[in-house]
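We name chains A, B, ... by the order of the sequence lines, and we start the count at 1 in each one.
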There are 2 protein chains.
Amino acid sequence: MASSTVENYLKHILLLSEGTDGLVSMGALASSLAVVPGTVTTMVKALADGGLVAHRPRQGVQLTSEGRHLALTVLRKHRLVETFLVNVLKMDWAAVHDEAEQLEHAISDDVLDRLDALLGHPTADPHGDPIPSRHGKLSSQVYATLATCAAGRPVRIVRVTEQSKEFLQFAEQNGLQPGTSLSVADRNLTAGLVTLRKAAGRTVPLSLAAAGKILVEPEKQSARFRPKPEPCS
Amino acid sequence: MASSTVENYLKHILLLSEGTDGLVSMGALASSLAVVPGTVTTMVKALADGGLVAHRPRQGVQLTSEGRHLALTVLRKHRLVETFLVNVLKMDWAAVHDEAEQLEHAISDDVLDRLDALLGHPTADPHGDPIPSRHGKLSSQVYATLATCAAGRPVRIVRVTEQSKEFLQFAEQNGLQPGTSLSVADRNLTAGLVTLRKAAGRTVPLSLAAAGKILVEPEKQSARFRPKPEPCS
DNA sequence: GTTCATATTTTGATTAGTCAAAATAAATCC
DNA sequence: GGATTTATTTTGACTAATCAAAATATGAAC
Ligand SMILES: [Mn+2]
Ligand SMILES: [Mn+2]
Ligand SMILES: [Mn+2]
Ligand SMILES: [Mn+2]
């Protein structure tokens, strides 16, 4: 029932309210959607009439539970579609965001469930972005970034939080994808430069800004050092 | 670039002009698109301005070669998507038309090509509708229907030309799908009734109107009767 | 407590797509 | 040939979504 436009508004409100108190400013929403602020004010009032958001004039906007549910469904479609495009159709991870931006509005809930099953119920998309569960649960785990994690510590990339083609192509070129193991060799705050050391010993320089877009978790101990491997049952 | 609306207009003009001289009446197009005739007149003039159709006032409308090319791409997307939904996601063939009606406007040419390869370059969709080739060739082979083919003759269903859920569910229930072998046991023009005999001897009654929607070709000789089987090379 | 800068809202206009209903052209029938 | 039926076109109005630019509110700075 909801138009593509409405779905996009809700999805952007959801993404922008992640980690905050939930109130999203008109300005932030406008630039996120690439429309002028006046348009957002008008649309948000319409969404509020429809019961999908709560609008606090001159304060911001917030999803209602109905709006949040719809937004989560759209986000789930987006990320499952991206996963399908990369895992099944072997598309470049830098290209799938734009595709999914259209497809998220065109697939039914039935197709969504079948894609989910085909892909084996994945919990993250090719960029490491968490996929909302069918019941609307969205992981909000907080990770360190390459700009903040301790130097020398072995870490594994879990997520790249940046959709732009250019950034993703650069990251792929330098083997910076979810699953990659590495450590921060050096961090120079003055120069705004981070140097990474990859598994093979290769080093990669990265701006601090770029490093902040790459989320990592502590490297799990490799198998031969693991104290008590679980028996396969 | 073209909106979903424009794509739908072009696709419907293409389908309605199949087999005719190419001129489609405003009235036919309006009922096919489920809009009022005045809307069609307005839109067709806009399409003509855009060079996608030629409008002969009070006569009809016809695709230009650019419009025909676009229409064929949309049709190709529609039918490949249907094939994907049935063959890969195992959806019911009665449900996929509505899904494809949306998806045909959301998938890129790149995704189209990858789907085509994944499916093994099929030439017909689950209903037997021919899939336009990547170079815009659309098979226009003429087939007999169950309403016209000789009684007693063993035939094989090649296509079911009717998108409605109800009809397709009925056809599935009675095992009337592309590939099925059968023959017309009896045709009673007065009663408007056709009786089919399936392989297992089971008979199925069918209205003449419904029989006309089912296209067939002469049954190929079964292997044991074939005079000169080609060697597998 | 004014003044200023900034974000937000309002106003007026535009585009795509649609419908209802009136006007018009064309074909058909006597 | 004139009247009638039918399809098409025109006209006027409406909705969703947008922008440009003017008006307004709010918090910060002086
Ligand atoms: Mn989108
Ligand atoms: Mn993603
Ligand atoms: Mn369509
Ligand atoms: Mn089909």
Side-chain angles (χ1 to χ4, degrees), chain A residues 1-14 16-17 20-63 66-67 70-71 74 101-102 104-106, chain B residues 1-14 16-17 20-63 66-67 70-71 74 101-102 104-106:
Chain A
M1 295 290 109
S3 67
S4 296
T5 303
V6 167
E7 290 187 346
N8 280 332
Y9 272 75
L10 297 177
K11 190 184 68 172
H12 279 87
I13 294 170
L14 174 69
L16 290 171
S17 64
T20 74
D21 57 350
L23 265 188
V24 175
S25 75
M26 299 291 115
L29 189 49
S31 83
S32 178
L33 287 162
V35 297
V36 302
T39 301
V40 168
T41 300
T42 308
M43 270 299 294
V44 161
K45 282 200 290 190
L47 294 176
D49 279 355
L52 296 170
V53 304
H55 182 208
R56 301 277 239 339
R58 297 209 127 89
Q59 303 264 140
V61 64
Q62 192 170 8
L63 294 172
E66 187 187 347
L70 222 167
V74 177
E101 204 55 53
Q102 300 308 123
E104 66 189 357
H105 312 296
Chain B
M1 295 289 109
S3 67
S4 296
T5 303
V6 167
E7 291 187 345
N8 280 332
Y9 271 76
L10 297 177
K11 191 185 66 171
H12 280 86
I13 295 170
L14 175 69
L16 290 171
S17 64
T20 76
D21 57 352
L23 265 188
V24 175
S25 75
M26 299 293 115
L29 189 48
S31 82
S32 178
L33 287 162
V35 297
V36 302
T39 301
V40 167
T41 300
T42 309
M43 272 297 296
V44 161
K45 282 199 290 191
L47 294 176
D49 279 357
L52 296 170
V53 304
H55 182 207
R56 301 276 239 340
R58 298 210 127 86
Q59 303 264 138
V61 64
Q62 192 170 10
L63 294 172
E66 187 186 348
L70 222 167
V74 177
E101 204 55 53
Q102 299 309 123
E104 65 189 356
H105 313 294

Side-chain-base donor-acceptor pair under 3.5 Å for B/Arg58 and C/dT24 = yes
Tell me which nucleotide among [options] gets nearest to the side chain of [X].
{"X": "B/Ser25", "options": "D/dC19, D/dT8, C/dT9", "answer": "D/dT8"}
{"X": "A/Met26", "options": "C/dT9, D/dT9, D/dC19", "answer": "C/dT9"}
{"X": "A/Thr5", "options": "D/dA17, D/dT9, C/dT10", "answer": "D/dA17"}
{"X": "B/Val35", "options": "D/dT10, D/dT18, C/dC19", "answer": "C/dC19"}

Whichever of B/Val6 and A/Gln59 has the more 5' nearest nucleotide on DNA chain C, that residue is A/Gln59
Distance check needed: [N] [atom2] versus [X] [atom1], whole Å only.
{"X": "B/Met43", "N": "D/dT9", "atom1": "CE", "atom2": "C1'", "answer": "16 Å"}
{"X": "A/Leu33", "N": "C/dT8", "atom1": "CG", "atom2": "P", "answer": "14 Å"}
{"X": "B/His55", "N": "D/dT8", "atom1": "NE2", "atom2": "P", "answer": "9 Å"}

For A/Thr39, which contact category applies under a 4.0 Å heavy-atom criterion: base, sugar-phosphate, or nothing?
->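 Since a base atom lies under 4.0 Å of A/Thr39, the category is base.
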Scan B/Gly38 against the nucleic acid and name what it touches under 4.0 Å (heavy atoms): base, sugar-phosphate only, or nothing.
->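 Contact class for B/Gly38: base.
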Kindly say whether B/Ala28 contributes a backbone atom to a donor-acceptor pair with the side chain of B/Ser32 at under 3.5 angstrom?
->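 Checked: no pair found.
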Beyond-backbone contact of A/Val6 with A/Met43, side-chain heavy atoms, under 4.5 angstrom |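 Yes. Closest side-chain heavy atoms under 4.5 Å.
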Are any of B/Tyr9's side-chain N or O atoms less than 4.0 Å away from OP1 or OP2 of C/dT18?
->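 Affirmative; the distance criterion is met.
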